[in-house]
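These notes concern the structure reproduced below.
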Amino acid sequence: MNDRNALKQGVIQKIFSSILKSIKSIGYGIYRSLVRFVLGVKKRFVRFGKRFMDASAVTKVSHFVMGFGQLARKQFVKGFIYLFIQLGFFFILFTSPTVNGTPIGLDALRNFITLGTVEGDVFTPTDNSMLMMLFGVVTLGLIGMFIAGYLSNINSSYHNDLLIRDGKKVLSFKEDLAELLDSRFHMTMLTPAILGIVVFTILPTVFMILIAFTNFDAQHPAGQVLFDWVGFENFKNVFSGQGEVSVRFIPVLSWTLVWAFFATFSNYIAGILLALLINKKTIKLKKLWRTVFILTIAIPQFLSLLAVRSILSEYGPVNNLLMTVGLIDNPISFLGTATNPMTARASVLFINLWVGIPYTMLMTSGILMNIPTDLYEAAQIDGATKRQAFISITIPYIVFVTTPYLITSFVGNITSFNIIFLLTGGGPAVGGGYKAGSTDLLVTWLYKLTIDENEYNMGSVIGIFTFLITATGTLLSYRKSKAYKEEEAFQ
Amino acid sequence: MNKKILFLILVLASVFVLVGCKKDAPLTIWVGTESVEFYEGVIEDYLAAYETANGEAFPHEILVKGADTGSAAATFLEDTEAGPDIFTVAHDNLGKLIAGSSSIAPVTDADLLAQIENDNPDSFKEVIKGVVGGQTYTFGVPYIAQSLVLYYNKEFITTEQVQTWEGILAAAEAANKQALSLTGTDGFNNSFLLLATNAETGQSSLKLYYGGDINNNFASGDDTVSVMKWGQRFFTHENGPKRPTDSGWQIELKDEISLSVISGAWHYNAASAALGSKLGIVKLPTFTITEADAYGSVTAGTVFQSGTFADTKMFVMKKGSKYQEFLQDIVKYLSSKDVQEASYEEVQNLPAYKNAAVEFESMTGNTLEAQLASAQIEMFEHGIPQPFGFDNRFNFYYYSKGAPDLILEILENKSGTETGLFTSFDQIKAQLLIIENIWKTGNKE
Amino acid sequence: MRNGDAKPKKFKSVKRQEQISTISGYVTLVIMSIIWLYPILWIILSAFRTEKNDQGQLIGIVVSNYFPRAIGFDNFVNLFNNTLFPRWFMNTLFVSVISFVISTTLTLSVAYVMSKLKFKARKSFLNIALILGMFPGFMSIIAIYYILKAMNLTQTLFALILAYSAGAGLGFYVAKGFFDLIPNSLIESARLDGATNFQIFKKIIIPLSKPIIIYTALLSFTGPWMDFIFARVILGETNPELHTVAVGLYSMLYGSQSTVDPNRFTMFAAGSVIVAIPIVALFLSMQKYYVEGVTAGAVKG
């Protein structure tokens with residue numbers, strides 16, 4: 001017993017110290033990468049200057065007129081592409097065309113700082129601060145992409161310089177394209193993906209992060225009232241303990257962590273047990289049992305959860321069954337209208353079991369089928385009983401292989417939106433009119449704040465916070481996991 | 001190989017370019033989803049009338065779409081530029097729409113203003129105006145009126161009993177069911193006690209943003225305290241009202257778990273589906289203050305009439321719309337007396353026209369629809385329009401800052417709430433003062 | 001002698017123990033299967049339920065009896081005639097097919113590059129992708145809506161396709177884990193034979209990656225059928241002819257006030273059954289690949 005306690009203590013200590021170590025190493029990592037970044041920028045500038053000096057006259061001109069270096073060497077198609085990029089970019093930058101009533105280009109950069117000045121009145125339009133912010137970010141992105149194109153232009157021209165100096169021929173367009181399929185294949189494959197990611201993931205994310213530093217909320221609807229930068233005030237607000245959002249912040253955060261913990265572990269343990277049960281030698285019809293559980297995964301979650309919600313409603317079949325059997329006299333409210341928030345919380349955890357066990361069960365089954373049999377044979381030769389083999393081989397193997405999954409699943413449960421939103425809508429409501437109900441997670445609260453209440457800045461703050469939690473969790477696990485270590489080896 | 005790739009890129013690019021070239025949006029009108037067909041017919045008539053009056057066809061295409069009127073304002077505000085040119089909202093959304101520099105255009109056409117002035121009851125004329133940049137403008141054109149009524153199960157409640165809450169409660173006791181299903185615990189669906197008026201004088205001491213002034217709120221009058229005490233006895237009665245459940249009030253009515261529900265015309269179809277031939281519609285019942293409830297200047301035996309918000313749905317126009325010059329004329333036609341009458345006949349929209357009950361033939365009669373109309377019209381005399389159009393904050397403070405929950409706390413009188421039980425009058429009055437504060441400032445203190 | 005007696009006794013009790021544990025195992029499995037299938041059977045039964053009230057109208061609400069008292073196809077007929085369900089189905093099919101093509105291409109390209117090709121910014125791309133993937137998805141719905149609006153695409157299905165598939169390049173981890181398992185020696189020898197990277201990809205990698213392609217395709221195909229948040233915001237609520245099945249079915253029961261009608265629960269169940277059939281069929285037939293994908297993801301982390 002004492003050994004067990006000591007072991008437990010040792011484990012807890014180890015977890016704490018590894019968390020501390022990870023935080024320290026994250027801190028060092030950030031510091032080091034900042035230093036590296038600054039040094040790297042300095043190095044790049046130096047290299048840029050040197051290359052300029054070293055370049056031929058034609059390439060020097062390329063620094064000012066993109067495409068010149070290519071055109072001068074008869075790479076017509078490439079040259080015109082670069083020239084076109086430059087002209088197009090300058091056009092957008094300097095003429096600031098208006099899109100949806102708000103300009104892009106240099107004007108957008110100015111608007112980005114002021115977030116609109118024209119207040120308008122009942123007959124004239126107001127500056128749309130939100131679009132101004134968005135287009136400011138878009139313009140910055142365009143500038144970034146232009147710089148990439150510009151550098152690539154100089155690079156290729158300089159590359160041609162070196163080829164000529166070495167006495168080799170400059171590549172024709174056809175040969176260039178062929179290179180794209182071979183030595184520069186990674187560019188071809190990555191470019192469309194990166195383009196999509198930049199426009200549809202990075203840009204929106206940056207925009208939403210910036211909103212957390214403004215006062216864009218329900219009192220400042222875009223296009224009617226101007227809003228402004230307010231710096232860290234929203235964050236201070238959330239942690240001050242006063243005001244609607246901050247009063248509910250700690251309760252929602254703690255419930256989110258509790259939920260993630262229980263949901264993950266209950267699914268994990270129950271799933272493994274179920275897989276082990278089905279896998280027992282004496283149980284027949286293994287495929288049948290597995291198919292039953294796979295069926296619940298196959299059905300789209302939002303349909304099955306709405307079905308469960310209606311089954312558990314006060315005048316639905318489950319309550320009817322319980323009353324007929326005589327277990328209860330009056331119907332019980334299980335979910336969003338429960339009188340006791342704990343009922344609702346327990347209900348969602350149970351239903352989460354219904355949803356999640358099949359996943360862990362499947363995964364464990366897959367692993368069980370792949371355990372190398374020689375381990376068992378060796379144990380048998382050593383005289384171990386079946387039970388001993390089970391305890392000292394099967395269980396540790398499963399635990400070892402699925403630990404990274406455990407952590408990803410924990411992180412995933414923090415952002416598990418569907419279950420809470422579809423089953424309880426976040427309720428039962430907490431007295432006092434606070435938007436976050438007793439089963440609201442950070443993500444469902446974020447949804448309510450942003451989409452229902454139009455409190456975009458508070459929603460962004462919550463979103464950033466959620467991100468910080470999940471990021472820390474993932475980084476912690478990823479560093480420890482095999483994959484990362486093998487990554488190093490691969491490099 | 002390269003040619004194939006180039007070709008693919010060209011195809012993709014052209015697809016996107018084609019998609020990008022959208023043609024100009026036509027003049028769009030949003031009406032309630034149940035009235036789309038009717039208004040499409042009305043627009044056709046309008047186009048014909050326009051052609052006869054002006055000698056040439058209307059120069060643009062008009063498109064009528066259905067949108068949920070409850071969320072039309074919110075949907076419009078999400079993207080005003082792509083929004084409709086004319087749409088309908090309940091008048092309490094006005095504050096949201098005119099915040100800052102307003103997203104809707106004021107009514108400037110003299111003819112239309114005259115029509116509004118002539119056709120509408122005074123209470124509506126107040127709530128369609130708003131202040132932007134220090135000046136008052138008229139923004140909305142009323143065309144539908146609505147208030148809450150009582151849908152009840154005729155099989156268990158007689159026409160005598162349904163006149164008073166005490167009668168309904170007796171019927172519920174006899175049948176061992178719940179008297180009332182609440183459709184919601186928010187400040188709109190659960191407002192019948194708060195807005196109750198003295199049945200004889202028609203007065204109440206309650207002031208809710210009176211005159212559009214944020215400080216003109218009063219909820220702690222003697223009559224309100226008495227009404228709340230009565231409400232407490234009603235709600236804590238074994239066969240009293242029932243909290244909303246996940247299953248919904250429809251199932252409760254249908255399965256005869258409760259006998260009545262307070263709701264509006266938008267739930268008429270649902271109530272009729274739930275109760276079928278057992279559906280009765282009547283104005284909200286009265287109730288009598290007893291010895292136990294009398295407080296201060298209120299004497300036992302005073303009869304109170306349950307109150308309601310009496311609202312109007314109005315047409316509003318987008319600011320800066322491409323078709324600005326045509327909008328007011330169209331709205332004038334859509335909200336005219338004749339169209340309102342036709343709308344009642346065909347889609348049961350209660351007209352906002354002030355003399356509709358008298359002048360429109362179709363509103364007399366004994367069909368269920370006519371009963372719905374007359375019950376609502378009766379309730380107009382006992383109701384106030386939601387006074388939230390003046391300022392963005394009113395709607396927010398009244399609904400979303402916890403005041404309705406506090407009211408429910410008094411009524412349900414459960415132990416375990418923050419401020420304890422509400423058995424004494426002083427406790428009730430203290431809670432009402434907190435509610436007043438929330439209306440004024442958004443905070444409890 | 002005593003040992004000889006003891007052995008059969010021990011043998012019997014061990015066998016007994018095994019019997020008891022097997023039987024209790026079966027009992028547990030049966031009970032669990034009933035619990036697991038209870039809601040699913042309920043939806044199927046509700047879809048065929050045609051109880052009518054005394055005025056001949058269909059009772060569509062959630063009733064308390066589990067087994068229906070009358071069955072028929074009324075709900076399906078209703079669904080096809082009185083709602084835009086067929087249109088929603090075609091919309092969703094269109095969106096999911098195109099987004100699955102785009103998503104799979106993007107994910108696999110990125111996964112392959114990350115796994116097999118060496119280039120300068122590789123490590124930082126891995127880290128950035130990891131971090132970006134952790135922002136809650138719908139925080140950026142508003143931004144995506146306005147970006148699409150600037151491209152003049154909102155309220156079209158193309159906008160939805162872009163929203164679902166454009167960011168797919170970030171979800172490459174599982175596929176990468178799979179590609180890591182392909183031995184480098186194969187690639188080396190092909191390169192010695194003079195193949196370009198593109199040819200290696202086409203002729204060697206793709207044929208070997210059937211399980212992971214199917215896994216990725218399965219996930220990206222079923223996504224649009226189940227998402228009701230993005231679709232609602234991007235398509236707008238006033239365009240019911242553009243809705244996907246998820247948005248349409250959701251708004252039947254839980255949408256805005258005037259479209260909600262609990263009387264349509266049986267119709268909702270009918271729609272769910274129709275939507276679930278192809279997805280379940282896909283899942284069951286691709287079961288093997290799905291399990292491989294999940295396991296590969298779990299093991300690699």
Would you name the heavy atoms of [X] and [Y] that are closest together and state the gap between them?
{"X": "S313(A)", "Y": "D246(B)", "answer": "CB-CB, 4.0 Å"}
{"X": "K319(B)", "Y": "D121(A)", "answer": "NZ-O, 3.0 Å"}
{"X": "V122(A)", "Y": "S102(B)", "answer": "CG2-CB, 4.0 Å"}

Choice from T80(B), I104(B), I257(B) maximising heavy atom contacts with chain A below 4.5 Å: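 Top count of heavy-atom pairs under 4.5 Å with chain A: I257(B).
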
Option that, when pairs with chain A are counted at under 4.5 Å, heavy atom only, ranks first among S103(B), G100(B), G248(B), S247(B):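 So the answer, after comparing S103(B), G100(B), G248(B), S247(B), is S247(B).
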
Toward chain A, the part of [X] with a non-hydrogen atom under 4.5 Å:
{"X": "L408(B)", "value": "neither"}
{"X": "P244(B)", "value": "backbone"}
{"X": "T108(B)", "value": "side chain"}
{"X": "Y399(B)", "value": "neither"}

Part of T124(A) within contact of chain B (heavy atom distance under 4.5 Å):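 Backbone only.
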
Region of A338(A) that comes under 4.5 Å of a non-hydrogen atom in chain B: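 Interface part for A338(A): neither.
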
Proximity of residues 435-443 of chain B to chain A, residues having a non-hydrogen atom under 4.5 angstrom: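 The stretch does not come within 4.5 Å of chain A.
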
G120(A) backbone acceptor or donor facing S101(B) side chain under 3.5 Å: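 A pair under 3.5 Å: no.
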
Choice from R309(A), E314(A), Q219(A) maximising heavy atom contacts with chain B below 4.5 Å: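 When all of R309(A), E314(A), Q219(A) are compared, E314(A) has the most.
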
Nearest-0.5 Å distance that lies between atom CD in E81(B) and atom OG1 in T102(A):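 E81(B) CD to T102(A) OG1: 9.0 Å, rounded to 0.5 Å.
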
